[in-house]
Amino acid sequence: MKRFLLGLALMAPLGLVHAAGAAHAPTSNIKPYDTAAGKEAATPCGACHGADGNSTDPQYPRLAGQNPMYIYKQLQNFKSGARKNAIMMAQAQTLSDQDMLNIAYYFAKQPAAVSLADPEGFVAGQKLYRGGASERGVIPCAGCHGPTGAGNNAAGFPKIGGQHPEYIRSQLMAFRSAGREDEGGVKRMNDSAKAGDKGPMQMVAAHLSDEDIALLSNYVSGLHGK
């Protein structure tokens, strides 16, 4: 079956919705980023994420072209244990704040690859991404992540367009598990206003069905543009 990319012409901007958890600027006394040093520090990352941040294994996210402060914040979260992943938690322990900033900007400046969306379910995925489903409490993804999935650097929302659909699915499932009291499985929390509160992704994902997640994962994977 032919697969295709979703370009700018297919999307119409939507107004931003409320959200919490912008990536925070470094608070320690570190120097401006150094991408050459970041490339060197990122050498171990290449085993999973690819030397240029374009992973070939869909269980690992593409980091190329990502919002640098989002990458930095996630590395901080892995080091502190706020975000759980055995591999990443171990890797982050070896990194200084300067290393994290350098790595973040190195990957952010690499050209990003994209995935190809399957046309089956495209219309339904587009509708859900752009318009949500208010009758079920699902807000539009485009409100925070942008009409082309490029994210919002100022707010710290990550770029999701062109990401592996398998990775998008796994993260939505983890956010949903964290947002539902009666659901097991891997749970992922994101930053929220107060410790113990559910963040926006847990609250949004809690209303998503398995079909919703499949539709969104496929649709997002084909988004590209800035």
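The structure presented is a predicted model; accordingly, all values stated were derived computationally and were not measured.
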*Would you mind listing every side-chain hydrogen bond (donor to acceptor under 3.5 Å, both in side chains) that reaches into residues 35-51, with sequence neighbours excluded?*
none
Reported [atom1]-to-[atom2] distance for the pair [X] and [Y], which is rounded to 0.5 angstrom:
| X | Y | atom1 | atom2 | result |
| --- | --- | --- | --- | --- |
| Leu95 | Cys45 | CG | SG | 7.0 Å |
| Leu75 | Gln93 | CG | CD | 11.0 Å |
| Cys141 | Leu128 | SG | CG | 6.0 Å |
| Met173 | Ile168 | CE | CD1 | 14.0 Å |

*asked:* For residues 73-121, which residue pairs pass the ring-ring contact (aromatic ring centres under 6.0 Å, His included) check, not counting sequence neighbours?
replied: Tyr33-Tyr105
Keeping the roles fixed (side chain from [X], backbone from [Y]), state whether a donor-acceptor pair exists under 3.5 Å.
| X | Y | value |
| --- | --- | --- |
| Ser217 | Arg169 | yes |
| Ser177 | Gly184 | yes |
| Asn152 | Phe157 | no |

*Does any non-hydrogen side-chain atom of Tyr72 lie less than 4.5 Å from one of Asp97?*
yes
*Check whether any side-chain heavy atom of Ser170 sits under 4.5 Å from a side-chain heavy atom of Gln59, and report yes or no.*
no
What pairs with [X] under side chain to side chain contact (heavy atoms under 4.5 Å, CB included), at least two apart in sequence or on another chain?
| X | answer |
| --- | --- |
| Ala178 | Lys187, Met189, Gln202 |
| Ser55 | Tyr60, Arg62, His164 |
| Leu208 | Val138, Leu172, Ala205, Asp212, Ile213, Leu216 |

*Step by step, work out the side-chain contact (heavy atoms from CB on, under 4.5 Å) result for Leu101 and Met69.*
CA-CA 8 Å; Leu101 195 69; Met69 294 315 301; 4.1 Å; yes
*Is atom CZ of Arg188 surrounded by more than 12 heavy atoms (other residues, nucleotides or ligands) closer than 6.0 Å?*
yes
*Is it possible for you to say whether Leu223 and Val123 belong to one hydrophobic cluster, with membership spreading through side-chain heavy-atom contacts below 4.5 Å?*
yes
Return the set of residues passing side chain to side chain donor-acceptor pair (under 3.5 Å) with [X] (not counting sequence neighbours), or none when no residue passes.
| X | answer |
| --- | --- |
| Gln91 | none |
| Glu135 | none |
| Asn85 | none |

Which atom of [X] lies closest to which atom of [Y], heavy atoms considered:
| X | Y | result |
| --- | --- | --- |
| Ala113 | Asn54 | N-OD1, 2.8 Å |
| Gln163 | Ser115 | O-OG, 3.6 Å |
| Ala37 | Asn102 | CB-ND2, 3.7 Å |
| Gly179 | Ala206 | O-CB, 3.7 Å |
| Met203 | Lys198 | CE-O, 3.7 Å |
| Ser221 | Pro165 | CB-CD, 3.6 Å |

*Evaluate the side-chain contact (heavy atoms from CB on, under 4.5 Å) criterion for residues Gln171 and Met201: first the C-alpha distance (whole Å), next the side-chain angles of each, then the deciding distance (0.1 Å), finally the verdict.*
CA-CA 10 Å; Gln171 297 310 296; Met201 282 305 303; over 6 Å; no
*Under the salt bridge (Lys or Arg N to Asp or Glu O under 4.0 Å) test, residues paired with Asp210 that sit two or more places apart*: Arg176
*asked:* Testing the 3.5 Å rule here: is there a donor-acceptor pair between the side chains of Asn218 and Glu120?
replied: no
*Could you note down all residue pairs passing salt bridge (Lys or Arg N to Asp or Glu O under 4.0 Å) where residues 147-158 supplies at least one of them, sequence neighbours left out?*
none
*Would you please indicate if the ring centroids of Phe122 and Tyr219 are separated by under 6.0 Å?*
yes
*Verify side-chain contact (heavy atoms from CB on, under 4.5 Å) between Ile71 and Gln66, making sure each step is shown before the conclusion.*
CA-CA 7 Å; Ile71 297 176; Gln66 183 58 270; 3.6 Å; yes
